[in-house]
Amino acid sequence: MHDVRTLEHDSSAPTTPDVHYLNATHGALSWFFTKDHKRIALLYLYSVSAFFLVGGIFAMLIRLELATPQGDLLSAETYNKVFTAHGVVMVFFFLIPSIPAILGNFLVPLMIGAKDLAFPRINLASWYLYMAGGLFGIAALVSGGVDTGWTFYTPYSTAASNTHVVLTAVGAFIAGFSSIFTGLNFIVTIHTMRAPGMTWDRLPLFIWSHYATSLIMMLGTPVVAVTLMMLVLERTLKFGFFNPDLGGDPVLFQHLFWFYSHPAVYIMVLPGMGVISEIIAAFSRKPVFGYKMVAMASLGIALIGFLVWGHHMFTTSQSTLAAVTFSFLSFLVAIPSAIKVFNWTATLYRGSVLLASPMLYALGFIGLFTIGGLTGLFLAAIGLDIHMHDTYFVVAHFHYVMVGGTLLAYLGGIHYWWPKITGKLYSEPWAKTAAVIVFVGFNLTFFPQFVLGYMGMPRRYHAYPTEELSWQVLNILSSAGASILGMGFILPVIYLTWSAFRGRPAGPNPWGAFGLEWETTSPPPTANFEVTPIVTKPAYYYAPEEH
Amino acid sequence: RWMWKAQHLTGHREINQLHVPVGTPVKLLISSEDVIHSYYIPAFRQKMDAVPGKTTTMWFEASKPGTYQLFCAEYCGTQHSGMIGKVVAMEPREYQQWLSGGAPAGTLTSTGEQQFSTLGCATCHQADGKGRGPSLVGIAGKAQQLANGTSVIADEAYIRESILNPTAKMVQGYAPLMPTYQGQISEEGLASLIAYIKSLGTSTPGSGPAGTTAPDAAAATAPTH
Amino acid sequence: MANGSHAHAAHHPMLQHHFDTLEQQQNASLLGMWMFLVTEVLFFGGLFMAYILYRWLYNASFHEASHELNVWLGLFNTAVLIGSSLTMALAVRASKTGEKSQLVLFLILTLVLGGIFLGVKVVEYAEKFTHHLVPGEHFAFHDAALKDGAQIYFSLYFAMTGLHATHMILGGLVLLPIIVMAQRGWFSPEWYTPIELFGLYWHFVDIVWIFLFPLLYLM
Amino acid sequence: MSHQHHIPTKASLFAVFGALMVLTVLTVLVSRVNLGYLNLPVALAVAVTKALLVILLFMEVKYSPKLVQVTAAAGFLFFGIMILYTMTDYLSRNMIGVAGR
Ligand code: HEA
Ligand code: HEA
Ligand code: CUA
Ligand SMILES: [Cu+2]
């Protein structure tokens with residue numbers, strides 16, 4: 001059974017196995033004390049989705065407020081808390097854990113033919129850490145909120161703000177350790193738990209990108225953790241680190257913060273790229289063009305990603321030498337990203353492309369990530385960034401890469417592996433409709449923001465000058481887009497939930513895709529495979545020896 | 001907090017405004033008294049953070065006369081989006097005129113109001129009386145208690161004297177902090193100021209710049225040649 | 001009770017179900033511990049970064065402030081900690097050779113030395129409190145011109161040594177159950193992973209101090 | 001990661017300990033002598049030597065698989081990157097120091 005499957009579909013009607021990981025044991029405790037990576041993945045799915053909803057509600061408040069130039073809906077204080085909550089929740093509690101902790105958790109052992117991650121208990125502990133961090137975050141929100149922005153810049157955060165900075169920082173600190181332990185688990189698992197024959201050059205690209213992501217999690221996250229610790233010490237005990245009144249240098253905070261937070265944007269996008277590689281291959285029925293290059297590009301992005309953080313600080317009177325260096329290195333990081341984009345495109349070329357719903361998301365990703373990435377390069381050019389730094393151009397840039405990129409990849413991945421996770425099929429027409437709505441809504445929301453930013457509208461503004469008429473027009477477009485986008489996100493919640501109960505059985509391999517995860521039943525048994533699989537073929541062994 | 005103070009080489013001060021001559025490179029030395037802000041003039045494609053404890057610099061050369069937006073670009077708290085102003089680029093000749101205090105347009109009171117902020121009176125004279133100097137709201141025509149025990153009616157002459165020779169008649173309860181403006185204000189300017197101060201007594205309070213809060217970030221502008 | 005008599009690894013009671021062999025399990029644990037130590041290097045790294053910057057900005061203050069520390073106590077503590085590293089290395093060795101009584105002895109010695117280190121640290125901290133050298137409102141420094149830098153120095157001093165001491169305390173808490181396990185004979189030359197991993201952690205904490213000592217005490 | 005474990009002799013462990021103690025005393029003594037700008041490099045060189053002794057011999061990285069050796073080096077490498085680029089910025093600023101104080 002672990003022989004490599006070719007593309008012919010099983011024509012017999014697909015069935016669901018009697019016993020699988022979802023019904024192997026029962027009761028709430030069997031979930032809260034589970035060590036099964038697949039169940040932990042589901043715990044993450046529920047909690048991460050909840051945080052996405054929270055972050056999304058804050059986003060809607062932002063867009064409502066900005067529909068008119070006057071600060072009429074929310075007071076300035078409230079607005080500042082709202083965008084901070086939106087940023088903190090979306091970054092630390094949604095996007096960073098999204099793909100790795102849900103899809104990665106579920107798929108890394110399955111894809112390499114292992115029974116579980118190397119440290120199942122640490123895996124469960126990661127989820128509890130994540131929840132604990134989340135509780136601190138929520139405690140900060142309900143007790144009045146924070147208004148520092150997700151970047152916590154000093155000395156505002158340590159000396160001026162009188163909101164719940166400490167609670168939030170502690171929440172992010174704890175969530176950081178969750179992410180560290182997830183990364184650690186993945187790396188050790190990939191090194192030591194591969195099935196016989198699963199050599200490094202046969203690993204699915206999803207695994208490669210998670211490997212690279214995990215490296216960043218381990219090398220970067222501790223730095224932001226200790227930085228937040230210093231921030232808390234300065235705020236509570238008046239230890240001097242960053243506050244000039246205490247002799248400190250506020251710019252040091254930015255260096256330390258971005259040493260993590262730039263690499264962190266690759267924590268956010270690399271797993272998405274892994275998802276895209278899988279989907280593109282499966283729905284083009286071709287191996288990913290230039291497999292080795294794409295795998296190495298993941299490592300390249302992770303490594304170079306550590307050398308560019310200064311591009312967030314061009315206007316802090318950074319020295320010219322440092323600015324030029326950081327700018328140059330930021331351009332360099334485009335090369336591995338470009339390799340990926342070009343190789344995906346080359347994979348599509350002459351493939352038998354099937355426009356199933358995951359593929360729609362994947363194609364959306366390629367287009368939107370390219371726009372987001374290229375505008376990132378605009379920002380990496382010092383002269384342009386001086387103008388566009390802290391304007392809506394930056395906001396548009398990062399929503400293109402984070403929402404247009406990672407979030408679409410996340411949705412694509414959820415759709416692609418949903419039959420594996422639940423054993424059920426969802427409604428394709430609804431899924432395609434949602435994908436199109438998301439794509440349209442997204443562009444309507446964020447494209448106008450590029451224009452706004454170029455015209456000079458600063459970010460984190462609760463009100464904007466009334467005399468700039470075009471600003472209001474563009475902002476209204478953006479707000480309108482956001483409501484379309486919100487609908488696009490609600491739809492999958494409905495039809496996916498429905499399918500989990502009412503959907504038709506999916507069978508082991510509904511897409512006719514290649515990969516170890518498709519060789520076991522859907523849903524898989526608790527131990528993943530009846531027999532440890534033996535791998536004899538390279539990854540994406542579609543249409544061997546043919547063109 | 002949340003306002004831009006500017007001082008020119010000549011000693012001219014202004015708040016949330018910056019007057020510059022066109023065709024001349026202008027250099028700003030920027031700093032902050034509390035948190036990080038950022039001096040942003042989109043039309044000039046220029047921006048520089050105001051970092052407390054540091055002095056940063058930025059320069060530009062305005063090429064077209066006009067009034068341009070001035071924003072604070074670095075998030076700095078509640079009134080971040082209110083920390084905005086105008087950069088006025090003028091023909092060099094008008095700029096000289098402006099420096100000498102003769103603003104070409106506007107009613108006497110509105111010019112005076114402008115003068116009151118550009119000359120920095122507002123930094124000490126706040127409407128709520130919390131500044132270093134006494135509140136000027138409603139003083140015109142009223143009796144003022146002086147430090148030497150006597151009192152005097154605040155008429156035009158007194159106001160004029162207070163501006164040009166502040167120590168001559170000291171208000172009770174205040175230190176002799178006020179600099180003399182002798183030779184720095186043209187006759188017209190002085191007149192407009194007096195008119196403005198007189199108007200403070202009648203118009204609704206808080207309409208003038210005297211209502212602004214304590215200074216925060218300072219930008220010193222120096223036209224270089 | 002399990003002990004070293006299980007020769008065939010696949011049936012070892014410590015083998016978890018998702019590993020195929022005990023060796024695979026040990027490799028995973030060892031690698032996991034090293035990965036964790038990498039994160040620790042960078043965790044302390046942020047503080048060291050701050051130290052480097054401020055030492056460069058406030059060289060004179062740092063110099064002056066470092067004289068407030070007691071070099072001899074620092075030296076003593078360095079010796080104690082290196083000693084505990086030695087006993088820890090000996091403990092790992094004893095677990096490999098299966099000498100149970102030696103293992104227990106060296107683990108206890110390690111714990112005791114760690115305790116002595118923390119005790120001395122308490123004395124040092126108390127001294128700083130009485131001399132108003134704790135950053136914050138009550139901070140006072142004899143040379144007003146150097147006060148800002150000195151306050152930064154002591155902020156770093158407390159953050160770095162405090163984080164280090166926290167690691168020692170956590171280490172001690174983990175060591176206690178390990179000693180009990182060793183006493184009950186859970187470890188054998190086939191399986192002594194907890195000892196090995198704890199040893200790595202303990203040596204790492206020692207290394208941090210090896211840098212803290214010259215940077216904070218000797219200037 | 002090989003199955004046969006390296007078992008060091010007691011003597012070798014005591015030798016490492018001895019070397020560490022000698023280096024510790026040495027670094028204290030050197031710090032009492034004013035070498036000008038050389039004090040810091042000397043102190044750091046001694047500390048790095050000591051750390052290497054602990055890492056290679058106590059933590060047995062010398063006898064460990066390549067993967068562990070690379071891992072051990074990685075942490076320090078990335079710490080180095082952090083210092084290198086941050087100090088590049090500071091050292092090349094024309095406004096050195098925290099201005100105004
Ligand atoms: C998923 C998250 C993510 C990703 C992947 C990126 C990717 C990149 N980002 Fe972005 N960025 C953010 C998230 C992300 N960013 C966030 C959140 C902020 C704001 C933080 C805040 O202040 O709140 C930010 C801010 C930000 C700034 C600072 C702006 C400012 O505040 O002034 C800069 C400046 O250089 C920048 C640059 C880049 C670059 C060069 C890339 C590159 O990696 C992009 C590489 C990709 C491509 C280039 C596209 C694909 C390539 C091709 C199609 C080939 C053809 C092209 C060429 C060969 C040139 N980003
Ligand atoms: C992952 C990251 C992420 C995501 C997904 C988003 C999503 C969105 N963001 Fe966000 N944004 C950030 C990260 C993100 N953002 C960050 C880091 C900042 C900077 C903050 C700062 O300055 O500090 C920012 C700032 C930011 C601003 C600038 C604020 C300012 O500077 O003043 C704006 C303005 O329009 C905005 C809008 C939006 C919109 C309309 C969406 C939409 O895509 C949201 C649409 C979602 C919904 C409408 C919710 C619907 C969802 C569901 C129904 C799911 C339900 C699930 C269950 C029930 C289980 N964002
Ligand atoms: Cu000042 Cu924003
Ligand atoms: Cu970046």
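Values in this document were obtained by computation on a predicted structure and should not be read as measured data. Proteins come first, then strands; the chains are lettered A, B, ... in the order of their sequence lines, and each starts at number 1.
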Query - Heavy-atom side-chain contact between A:Met218 and C:Leu42 under 4.5 Å - result: no
Taking distance alone, no hydrogens or angles, what donor-acceptor pairs closer than 3.5 Å link side-chain atoms of residues 30-41 of chain C to residues at least two apart or in another chain?
from, atom 1, to, atom 2, distance (Å)
C:Thr39, OG1, C:Phe36, O, 2.5
C:Glu40, OE1, C:His167, NE2, 3.0
C:Glu40, OE2, C:His167, NE2, 2.7

Requested in this report: Please indicate whether A:Tyr128 has more than 12 foreign heavy atoms, meaning atoms of other residues, nucleotides or ligands, lying under 6.0 Å from its OH.
Outcome: yes
Report task. Report the distance from atom CE of A:Met193 to atom CZ of C:Phe19, rounding to the nearest 0.5 Å. Result -> 4.5 Å
**Report entry** Residues in side chain to side chain contact (heavy atoms under 4.5 Å, CB included) contact with C:Pro135, at least two apart in sequence or another chain
**Finding:** A:Phe239, C:Gln151, C:Phe154, C:Ser155, C:Phe158
Query - Set of residues satisfying side-chain hydrogen bond (donor to acceptor under 3.5 Å, both in side chains) with respect to C:Ser66, sequence neighbours excluded - result: none
Report task. Test A:Lys35 against C:His17 for side-chain contact (heavy atoms from CB on, under 4.5 Å), laying out the working first. Result -> CA-CA 11 Å; A:Lys35 282 182 264 162; C:His17 80 280; over 6 Å; no
**Report entry** Within-4.5 Å side-chain heavy-atom neighbours: C:Leu53 and A:His255
**Finding:** no
Query raised in the report: Can you tell me how far CE of C:Met49 sits from CE of A:Met230, rounded to the nearest 0.5 angstrom?
Result: 9.5 Å
Requested in this report: Would you mind checking which part of A:Met229 comes under 4.5 Å of any heavy atom in chain C, side chain (CB onward), backbone (N, CA, C, O), both or neither?
Outcome: side chain
Query raised in the report: Should we count NE2 of C:His67 as having more than 12 external heavy atoms under 6.0 Å?
Result: yes
**Report entry** C:Asn27 vs A:His191 side-chain heavy atoms within contact, under 4.5 Å
**Finding:** no
Requested in this report: For residues C:Leu156 and A:Phe241, determine if any side-chain heavy atom of one lies less than 4.5 Å from a side-chain heavy atom of the other.
Outcome: yes
Report task. State the CD-CZ distance between C:Gln24 and A:Arg194, to the nearest 0.5 angstrom. Result -> 10.5 Å
Query raised in the report: Tell me, side chain or backbone of A:Leu117 under 4.5 Å from chain C's heavy atoms, or both, or neither?
Result: backbone
Query raised in the report: Is any residue of residues 117-132 of chain C within less than 4.5 Å of chain A by heavy atoms, and which ones?
Result: none
